[in-house]
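When a residue number appears, it is its place in the shown sequence, counting from 1. Quick caveat, the model's predicted, so the values are computed rather than measured.
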Amino acid sequence: MSSSTTPAVHAGAASPARRVAAQAGFETRAILRNGEQLLVTIVVPVLLLVGLVRTSVVELDTAGATRIDFVTPGVLALACVTTAFTSQSIATAFDRRNGVLRLLATTPLGRGGLLAGKVLGVLAVEAVQVVVIGTVALALGWRPEPTGLLPAAGLLLLGTAAFTALALLLAGTLRAEGVLAVANLVLVLLVVGGGLIVPPAELPGPLAHVAAFLPSGALGEGLRGALLGDGVPALSVVVLVAWTAAFGAGAGRLFRWH
């Protein structure tokens, strides 16, 4: 009686694309399942949108546009900043402090795959933000310029690149507790005087000139131009590209994995 042996079948290692996709899914779920992160990324922008449209506490010169049409692009810009910068810098800083980054960097995912997963996770959360904020805005009467939707999407991608690079620069150089404080302080300053909600031209004194050259002001102005049908200002694109390059170079040089 003869016996034959069947060789064991072993599953091959996951492809780099599948590893990055799995990490992106983890990053997305980590943000959306965290109550504090959900508050910052979804609840606060929606409440701000409704508050700015339904009240006149903040005086805005809408240049003839309806208040909802004028406010919504700025809120979308704010949503991009909360996810790409505030949420990502804090999460990455605490992952770094707890040794998660150092551990994942030694796995088959690698450093490049880890960073790619983080960026894709940010984009996935932003997609959720756009759907939620856009739905609420449409219910409030928002009527964006259809020809501006594609340029607006491009600006959001560029803004995401700039603020994610800033998040990694901050998270990779400061202690986690310091990042927590600085990230939230920067967010407040950008909302108040960074040109996100209130256009740079309407800010008082020197802020009117400074905000236009900040990534926040460039993103806000670009989205307003695109979605109001006025066209994307060339300055907004140049400023965002320049800040992306500067933050990216700084993060690449100074980021510490542990």
Would you please test L78 and L187 for side chain to side chain contact (heavy atoms under 4.5 Å, CB included) and show each step? CA-CA 9 Å; L78 170 64; L187 177 63; 3.9 Å; yes
With distance as the sole test, does [X] use its side chain to make a donor-acceptor pair with the main-chain N or O of [Y] at under 3.5 Å?
X: R253; Y: G248; result: no
X: S89; Y: A167; result: no
X: D69; Y: W142; result: no
X: N98; Y: V100; result: no
X: R97; Y: R175; result: no
X: E221; Y: S236; result: no

Can you find a pair of side-chain heavy atoms, one from [X] and one from [Y], that are under 4.5 Å apart?
X: P215; Y: F247; result: yes
X: T55; Y: V50; result: no
X: P199; Y: F70; result: yes
X: L47; Y: V43; result: yes

How long is the gap from [atom1] on [X] to [atom2] on [Y], to the nearest 0.5 Å?
X: W243; Y: L166; atom1: CH2; atom2: CG; answer: 8.5 Å
X: L227; Y: T147; atom1: CG; atom2: OG1; answer: 9.5 Å
X: I133; Y: L138; atom1: CD1; atom2: CG; answer: 12.0 Å
X: L180; Y: L185; atom1: CG; atom2: CG; answer: 11.0 Å
X: L254; Y: L170; atom1: CG; atom2: CG; answer: 11.5 Å
X: T160; Y: L155; atom1: OG1; atom2: CG; answer: 10.5 Å

Please report the closest heavy-atom contact between [X] and [Y], naming both atoms and the distance.
X: S216; Y: G194; result: OG-O, 2.6 Å
X: I68; Y: A137; result: CG1-O, 3.9 Å
X: V75; Y: I197; result: N-CD1, 3.8 Å
X: G195; Y: A211; result: N-CB, 4.2 Å
X: L235; Y: A212; result: CD2-O, 4.4 Å
X: R224; Y: G74; result: NH1-CA, 4.0 Å

Single-linkage hydrophobic cluster, 4.5 Å side-chain cutoff, [X] and [Y] together:
X: V241; Y: L169; answer: yes
X: L214; Y: V186; answer: no
X: L219; Y: V210; answer: no
X: V44; Y: L52; answer: no
X: V20; Y: V122; answer: no

Pair L156, V130 - check side chain to side chain contact (heavy atoms under 4.5 Å, CB included), show working. CA-CA 10 Å; L156 283 174; V130 169; 4.2 Å; yes
Partner residues of R256 under the salt bridge (Lys or Arg N to Asp or Glu O under 4.0 Å) criterion, sequence neighbours left out: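 Scan of R256 (salt bridge (Lys or Arg N to Asp or Glu O under 4.0 Å), adjacent residues dropped) gives none.
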Does the pair R96 and W257 meet the rule for a side chain to side chain contact (heavy atoms under 4.5 Å, CB included), with working shown? CA-CA 6 Å; R96 173 173 164 252; W257 290 83; over 6 Å; no
Criterion side-chain contact (heavy atoms from CB on, under 4.5 Å) against F163, the qualifying member of L190, L158, T86: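 Exactly one pass, corresponding to L190.
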Neighbour count >12 (heavy atoms, 6.0 Å) for atom CZ, F255: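 Above 12, so yes.
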Residue pair T83 / Q129, side-chain donor-acceptor N/O under 3.5 Å: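 Side chains of T83 and Q129: pair found under 3.5 Å.
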Just checking, is any N or O donor in the side chain of Q88 or T164 under 3.5 Å from an acceptor N or O on the other one?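 Note: Q88 and T164 side chains miss the donor-acceptor criterion.
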Steps toward side chain to side chain contact (heavy atoms under 4.5 Å, CB included) verdict (R54, L140): CA-CA 9 Å; R54 294 301 190 190; L140 293 172; 3.2 Å; yes
In terms of side-chain geometry, is the basic nitrogen of K118 or D95 positioned less than 4.0 Å from the acidic oxygen of its partner?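 Yes, charged N to carboxylate O under 4.0 Å.
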